[in-house]
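What's counted below: heavy atoms across the whole structure, side chains too, no hydrogens, waters or symmetry copies. For ligands, and for the atoms within them, numbers begin at 1 and follow the listed sequence. Everything numeric in this text was worked out from a predicted model, so none of it was measured. For this chain, numbers begin at 1 and follow the sequence in order.
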Amino acid sequence: MATAPEAGDKSVEGVVGHTADDGVHRRDFIYVATAAFGSVGAAAAIWPFVDQMNPSADVLALASVEVNLSQVAPGQGIKVSWRGKPVFIQHLTPEQMAEAQNADLSGLRDAQTFEERTQEGHRQYLIQVGVCTHLGCIPSGTAAGEVKGDFNGWFCPCHGSHYDNAGRIRKGPAPTNLEVPEYTFLSDTNVRIG
Ligand code: FES
């Protein structure tokens, strides 16, 4: 605590307006100001790195794809590209749906019901990644005239995997069914995959 200088006290001459306390405060201010500047500088330096780690707009666009199915008639199928992979979208007929629902699942290595592979309210659309779960070939069977295998679904020619019309593995080396991706119906005929 500084004491008030007495009249004639030469020790304070030349530092008029600056007591010992002032000196402490000035140093504190310089320290705080430097620290604050340092933090802002660090934040500014870090931001570009954080920003670079966020996916860019074009990557986000590829992360999901919207498909209009209004032109895909029952019995028809289309292939779309999603994250670099083909996705099969099949519009099943009532007969195909019944066949898929009534299939005997006993003995299947990846037993899944038709209900587990489709969404309520949109069960006529079977949506699955068109990549064989054995070693990654692309099965045939979606388009008219393609080989559909022994179970009226999809056939992978690489090593002979047969999938049924709900994409379940029935025969051959593939260990699991064709993958069903995440998807959301935005309307009766518009679906967003991913
Ligand atoms: S990659 Fe399809 S059966 Fe081997």
Residues Val67, Ile193; criterion side-chain contact (heavy atoms from CB on, under 4.5 Å); working and verdict: CA-CA 8 Å; Val67 187; Ile193 301 167; 4.2 Å; yes
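Remark: aromatic rings of Tyr125 and Tyr183 are distant, center separation not under 6.0 Å.
Using a 4.0 Å cut-off to heavy atoms of Leu135, the atoms of ligand 1 that qualify are 1 (S). Counting atoms of ligand 1 from 1 in the listed order, those under 4.0 Å from a heavy atom of Cys137 are 1 (S). Close contacts between ligand 1 and Ser161 involve ligand atoms 3 (S) [criterion: under 4.0 Å to a heavy atom].
Residues Val180 and Leu92 are members of separate hydrophobic clusters, defined by side-chain heavy-atom contacts under 4.5 angstrom among Ile, Leu, Val, Met, Phe, Trp and Tyr.
Put simply, His159 stays out of reach of atom 2 (Fe) of ligand 1, with no N, O or S atom under 2.8 Å from it.
A perpendicular orientation is assigned to the rings of His134 and His159, their planes being inclined by more than 60° (bins at 30° and 60°).
Angle SG (Cys156) to atom 2 (Fe) of ligand 1 to SG (Cys132): 100°, rounded to 10°.
Restricting His134 to its N, O or S atoms, the one at the least distance from atom 4 (Fe) of ligand 1 is ND1.
The only option from Ile127, Val129, Ile138, Val80 that meets the side-chain contact (heavy atoms from CB on, under 4.5 Å) definition with Phe88 turns out to be Ile138.
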